[in-house]
K.L.:
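Have a look at this one before I ask anything.
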Amino acid sequence: MRYAQYILAGLLLMATASTKAKEYKTTSPNGRITVTVGEDVEMWLDMKLDGKTVVEVPQLDMANKTYGIRSVKKSELHEDIIAPFYRQPRFKAEARQLDLKLKNGFGLQVRAYNEGVAYRFYTTNKGETVIDNEIAVFQFRNHQKAWLSYSTNNEKPFAMAFQNVYHETKLSEAEQKMAFLPATVQVDNVKVTILESDLRSYPGMFLKADGDMLCAYHAPYPKRMDYYRWRSMSHVVETEDFIAKSTGPRTYPWRIMAITENDCDMPVNNLVYALATPNQIGNTSWIHPGKVAWDWWNDWNLRSVSFEAGINTDTYLYYIDFAAKNNIPYVVLDEGWYDSNKGDLMNTIAAIDLPKLIAYGQEKGVGIVLWTVFNVLDEHLSEACEKYATMGVKGFKVDFLDRNDQTAVEMAERIAKTCAQHKLFLDYHGFYAPTGMSRTYPNILNYEGVFGMEECRWAKKTTDMPRYDVTFPFIRMMAGQVDFTPGAMRNGTKENWVECYQNPVSMGTRCHQAACYVIHDSPFTMLCDAPTNYEREPEYTKFIASIPDEWDETRVLQGEIGKYIVTARRKGNIWYVGGQTNWDSRTIQLPLHFLGEGSYITKMLTDGINANHNAEDYLLDTQFHHNRETLTIKMASGGGFVFKIEELKN
């Protein structure tokens, strides 16, 4: 009701605006996007593409304190952004900006990029600022449908792991549930995606549909915390009646309305990264992305070994040997290496000889990464970082934040800063979608906030993972990296997939799994299956393990949300092309004109002729092509492919 009243008032004001109403405009560098900020009684924003309104924000307000435009300054921005471990090492960002000085020491910045519009509030106040609420309502005209990922906790919607499929729905028929970012709405022939960037010491944004609007909500500031009996995980039990507080001048998060006319432009939209605070840790040469052999998804299921597999030293020595043989630079010790129910991060269980594992890994060229819970690491932060960095640990996989209120966001930044000081990198699991923090702290290599492969351990047959797999790269990956944890060696078709927690099976073909290593932005990515499963197919294992984790160029060549995607990435002079389809078998035509003039040798991993019946069937072949050719590629139901394309030298 609150939002309905705001919108009604805002629309009436816009409709009856007098000639004295203040309006300020700027355009994107290419002139196609126009953003207008106006003030009648209250402020509003209108965004047009080629003269036609795409999104309206009928009221802009922060805690009823930011009305009243006093002055406006216009400027242009031209940035050459260095982007280590991103989808390309650098890119240019250009925008035109309005900087509006408001009353009560507040201000509003609005930027128009060729790729969309962003705005944020700021304050110049020296004292304490308490934000009761931030009003952000996005109104869409002529919308056809929306893609929303709802909270999985109906009772406490702000407390969950930010993992759900995208529900494709008419916006006017969407469920009355909190949805977490990103969210996409189709308006005529364009898609508008709502994202946020530079989220620092402030709660993240949720959205709830209301007719033709998406209305913003934020988690209240925690007042009292408690611990669950398992994992010593903290959680909010009582909240304040405000969402944020701070002292002194500061900026607030950017609210982004990204515009894309072609689905293929969505996964490579750079606005979230571009709008984040630049690198705060300095030199990044000590950070080394790479693949990691992972234990948890395969349930430590080694076979044909001479010892009892499990969370013990012998098992991890085997994982290290496997990683070394396949040039995999890391092994992660997931939950169980310390007593997580006691939160005893500073001591291993008796079955783990951590110094021995670290020393053996160093001898083999394999680094050790340790799993922990967010608040447990935070409660031992300096002590744990100093101890494990001194021992030779390379980083932490930090799990179960499961919220994005102000104190949670502050914890995430505090951990990143302290770990960087000890030259430890991070994989943020159980976490909200990225908000550009990997630009600010490049030692954060990966984020979950995705309905990843782990879901296959407990999914039901009605779960449509292949459809999700060709949906989230277009939406969720606009925000940044994804810790999807691919690499399953047991694969199921739509008909024969079975739920199995202890010996899990992926949905879709083996090649669908392999394509994840090309399609996903993921500089620290898992090989999720058991080493002994990989060792039975060494040629395939060598192929996926050799796919790079850092790239010089990324393009999405073809695709449509929910149907299929084809991504090409370049490392040096070698191109990798990965494709995936939903449960529909699909034949595509792939022109090779993105390659330079010349002839090429192509190593081709494709669905086998029987992959529609046996999802593990694949063909690994080598062919020769010219860049003027067009390839015909067949993908099985839930299928995929990966090509490694290298120029033939005379």
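FYI, the numbering just counts along the sequence from 1.
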K.L.:
Output the distance between atom NZ (Lys417) and atom CD1 (Ile281), rounded to the nearest 0.5 Å.
P.N.:
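That separation rounds to 12.0 Å.
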
K.L.:
Identify which one of Tyr150, Phe158, Tyr432 satisfies the ring pair (Phe, Tyr, Trp, His ring centres under 6.0 Å) criterion when paired with Phe206.
P.N.:
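Exactly one option meets the ring pair (Phe, Tyr, Trp, His ring centres under 6.0 Å) with Phe206, and it is Phe158.
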
K.L.:
Below 4.0 angstrom, N of the basic side chain to O of the carboxylate: do Lys571 and Glu550 qualify?
P.N.:
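Not counted as a salt bridge, because no side-chain N and carboxylate O are separated by less than 4.0 Å.
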
K.L.:
Would you say the rings of Phe425 and Phe85 are close, in the sense that their centroids are separated by under 6.0 Å?
P.N.:
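Between Phe85 and Phe425, the centre distance exceeds or equals 6.0 Å.
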
K.L.:
With side chains defined as the heavy atoms from C-beta onward, is the minimum distance between Phe431 and Met437 less than 4.5 Å?
P.N.:
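The answer is yes, as the side chains (C-beta and beyond) meet within the 4.5 Å cut-off.
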
K.L.:
Could you report the tightest heavy-atom contact between Trp551 and Arg87, atom names first, then the distance?
P.N.:
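The answer is CB-O, 3.9 Å.
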
K.L.:
Look at the side chain of Thr284 and the backbone N and O of Ile287, then say whether any donor-acceptor pair between them is shorter than 3.5 Å.
P.N.:
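Absent.
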
K.L.:
Of all heavy-atom pairs between Asp399 and Gly430, which one has the smallest distance, and what is that distance?
P.N.:
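Taking Asp399 first and Gly430 second, the nearest heavy atoms are OD1-N, 3.4 Å.
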
K.L.:
Would you say the side-chain atoms of Asp529 pair up with the backbone N or O of Ala488, donor to acceptor, closer than 3.5 Å?
P.N.:
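No; zero donor-acceptor contacts below 3.5 Å.
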
K.L.:
Do Arg569 and Thr554 get their side chains close enough for a donor-acceptor pair, meaning under 3.5 Å?
P.N.:
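Checked: Arg569/Thr554 side chains pair up, N/O donor to acceptor below 3.5 Å.
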
K.L.:
Verify the distance criterion only: is there a donor paired with an acceptor across the side chains of Tyr86 and Asp521 at less than 3.5 Å?
P.N.:
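Tyr86 vs Asp521: no donor-acceptor pair found between side chains.
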
K.L.:
Within the structure provided, determine whether Val272 and Met478 are in side-chain contact (heavy-atom separation under 4.5 Å).
P.N.:
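No, side chains not in contact.
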
K.L.:
Check whether more than 12 heavy atoms from other residues, nucleotides or ligands sit under 6.0 Å from atom CD of Gln502, and answer yes or no.
P.N.:
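Atom CD in Gln502 is not packed in, count stays at 12 or less.
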
K.L.:
Could you tell me whether the side chain of Glu454 reaches within less than 4.5 Å of the side chain of Met526, counting heavy atoms only?
P.N.:
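With C-beta onward as the side chain, the pair stays apart.
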
K.L.:
For the CD atom of Gln481 and the CZ atom of Phe524, what is their distance to the nearest 0.5 Å?
P.N.:
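The CZ atom of Phe524 is 12.5 Å from CD of Gln481, to the nearest 0.5 Å.
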
K.L.:
Any chance you could measure Leu377, atom CG, to Ile415, atom CD1, to the nearest 0.5 Å?
P.N.:
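CD1 of Ile415 is found 4.5 Å from CG of Leu377.
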
K.L.:
So if I apply the side chain to side chain contact (heavy atoms under 4.5 Å, CB included) rule between His520 and each of Asp469, Thr525, Asn446, Val482, which one comes out positive?
P.N.:
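Exactly one pass, corresponding to Val482.
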
K.L.:
Are Trp583 and Met507 side-chain neighbours, meaning at least one heavy-atom pair lies under 4.5 Å?
P.N.:
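Trp583 reaches Met507 side chain to side chain.
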
K.L.:
If you round to the nearest 0.5 Å, how far is CD of Gln580 from CZ of Arg467?
P.N.:
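If I round to the nearest 0.5 Å, the distance is 14.5 Å.
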
K.L.:
Would you find more than 12 non-hydrogen atoms of other residues, nucleotides or ligands less than 6.0 Å from Lys291 atom NZ?
P.N.:
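Result for NZ/Lys291: enclosed.
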
K.L.:
Quick one about Asp607 and Thr509 (side-chain donor to acceptor, distance below 3.5 Å, no hydrogens or angles considered), yes or no?
P.N.:
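Present: a donor and an acceptor within the cut-off.
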
K.L.:
Can you find a side-chain donor-acceptor pair between Ser546 and Asn327 that sits under 3.5 Å?
P.N.:
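Side-chain D/A pair, Ser546 to Asn327: absent.
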
K.L.:
Heavy atoms only: give me the nearest Ser201-Glu410 pair and the separation to one decimal.
P.N.:
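Closest approach of Ser201 to Glu410, heavy atoms only: OG-OE2, 2.6 Å.
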
K.L.:
Grab the two heavy atoms, one from Asn375 and one from Ser234, that are nearest each other, plus how far apart they are.
P.N.:
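Where Asn375 meets Ser234 most closely, the heavy atoms are OD1-N, 3.0 Å.
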
K.L.:
Answer yes if the ring centres of Phe451 and Tyr166 are under 6.0 angstrom apart, and no otherwise.
P.N.:
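No.
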
K.L.:
With no hydrogens and no angle check, just 3.5 Å: does a side-chain donor-acceptor pair link Asp344 and Asn347?
P.N.:
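Yes, Asn347 and Asp344 have a side-chain donor paired with an acceptor closer than 3.5 Å.
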
K.L.:
Does Ser149 form a side chain to side chain donor-acceptor pair (under 3.5 Å) with Asn164? I'd like the steps, not just the answer.
P.N.:
CA-CA 6 Å; Ser149 200; Asn164 201 353; 5.0 Å; no

K.L.:
Go through the steps to decide whether Asp464 and Val165 satisfy the test side chain to side chain contact (heavy atoms under 4.5 Å, CB included), and finish with yes or no.
P.N.:
CA-CA 9 Å; Asp464 193 341; Val165 298; over 6 Å; no

K.L.:
Check this for me: Glu386, atom CD, are more than 12 non-hydrogen atoms of other residues, nucleotides or ligands nearer than 6.0 Å?
P.N.:
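No, the 6.0 Å shell around CD holds no more than 12 heavy atoms from other groups.
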
K.L.:
For Lys342, does the NZ atom have more than 12 heavy-atom neighbours from other residues, nucleotides or ligands under 6.0 Å away?
P.N.:
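Open.
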
K.L.:
Do Phe543 and Val642 come within less than 4.5 Å of each other through their side chains, counting heavy atoms only?
P.N.:
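Heavy-atom side-chain distance check passes, below 4.5 Å.
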
K.L.:
Using a strict cut-off of less than 4.0 Å between a Lys/Arg side-chain nitrogen and an Asp/Glu carboxylate oxygen, indicate whether Arg231 and Glu335 qualify as a salt bridge.
P.N.:
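Yes, Arg231 and Glu335 are salt-bridged.
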
K.L.:
Are Tyr468 and Glu455 side-chain neighbours, meaning at least one heavy-atom pair lies under 4.5 Å?
P.N.:
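No, every pair of side-chain atoms sits at 4.5 Å or beyond.
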
K.L.:
Answer yes or no: is there a side-chain heavy-atom contact under 4.5 Å between Trp497 and Met465?
P.N.:
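The answer is no; the side chains never approach within 4.5 Å.
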
K.L.:
Just wondering, more than 12 heavy atoms not from Lys223 lying within 6.0 Å of its NZ?
P.N.:
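Atom NZ in Lys223 is not packed in, count stays at 12 or less.
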
K.L.:
Could you walk me through whether Glu537 and Tyr618 pass side chain to side chain donor-acceptor pair (under 3.5 Å), step by step?
P.N.:
CA-CA 11 Å; Glu537 299 184 40; Tyr618 65 88; 3.0 Å; yes

K.L.:
Could you check whether any side-chain heavy atom of Phe474 comes within less than 4.5 Å of a side-chain heavy atom of Trp147, counting everything from C-beta outward?
P.N.:
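With C-beta onward as the side chain, the pair stays apart.
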
K.L.:
Apply the ring pair (Phe, Tyr, Trp, His ring centres under 6.0 Å) test between Trp337 and each candidate in Phe396, Trp296, Tyr388, Trp300; give the one that qualifies.
P.N.:
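One option only clears the test, and that one is Tyr388.
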
K.L.:
Can you list the steps and then say if Ser438 with Tyr273 is a side chain to side chain contact (heavy atoms under 4.5 Å, CB included)?
P.N.:
CA-CA 8 Å; Ser438 56; Tyr273 195 97; 4.1 Å; yes

K.L.:
Do side-chain atoms of Glu196 reach the backbone of Met205 as a donor and acceptor pair under 3.5 angstrom?
P.N.:
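Yes, Glu196 side chain to Met205 backbone: donor-acceptor pair under 3.5 Å.
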
K.L.:
How close do Cys419 and Cys385 get, heavy atom to heavy atom, and via which atoms?
P.N.:
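Heavy atoms only, the tightest pair is SG-SG, 3.7 Å.
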
K.L.:
In this structure, which one of Tyr316, Tyr319, Trp371 forms a side-chain hydrogen bond (donor to acceptor under 3.5 Å, both in side chains) with Asp295?
P.N.:
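Passing option: Tyr316.
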
K.L.:
Going from CG on Leu354 to CG on Leu333, what distance comes out if it is rounded to the nearest 0.5 angstrom?
P.N.:
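So the gap between those two atoms works out to 7.0 Å.
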
K.L.:
Where do Lys397 and Leu370 land on the side chain to side chain contact (heavy atoms under 4.5 Å, CB included) test, with the steps shown first?
P.N.:
CA-CA 6 Å; Lys397 176 182 177 181; Leu370 300 176; over 6 Å; no

K.L.:
Can you list the steps and then say if Asp321 with Tyr360 is a side chain to side chain donor-acceptor pair (under 3.5 Å)?
P.N.:
CA-CA 9 Å; Asp321 281 336; Tyr360 190 68; 2.5 Å; yes

K.L.:
Using the side chain to side chain contact (heavy atoms under 4.5 Å, CB included) rule, take Arg476 and Tyr447 through it: C-alpha gap first, then chi angles, then the decisive distance, then the call.
P.N.:
CA-CA 11 Å; Arg476 161 62 180 81; Tyr447 305 83; 4.0 Å; yes

K.L.:
What is the distance from atom OG1 of Thr315 to atom CD1 of Ile311, rounded to the nearest 0.5 Å?
P.N.:
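Answer rounded to 0.5 Å: 9.0 Å.
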
K.L.:
Indicate whether any N or O donor in one side chain lies under 3.5 Å from an N or O acceptor in the other, for Thr372 and Tyr338.
P.N.:
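The answer is yes; a qualifying pair exists.
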
K.L.:
For Glu363, what residues pass the salt bridge (charged side-chain N to carboxylate O under 4.0 Å, His left out) criterion, not counting sequence neighbours?
P.N.:
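Glu363 satisfies salt bridge (charged side-chain N to carboxylate O under 4.0 Å, His left out) with no residue once adjacent residues are dropped.
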
K.L.:
State which residues pass side-chain contact (heavy atoms from CB on, under 4.5 Å) with Asp241; sequence neighbours excluded, sorted by chain then number.
P.N.:
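Here no residue qualifies.
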
K.L.:
With Asp314, which residues qualify under salt bridge (charged side-chain N to carboxylate O under 4.0 Å, His left out), at least two apart?
P.N.:
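For Asp314 there are no salt bridge (charged side-chain N to carboxylate O under 4.0 Å, His left out) partners, ignoring immediate neighbours.
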
K.L.:
Please give me the minimum heavy-atom distance between Val398 and Val373, naming the atom from each residue.
P.N.:
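Of all heavy-atom pairs spanning Val398 and Val373, the closest is CG1-C, 4.0 Å.
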
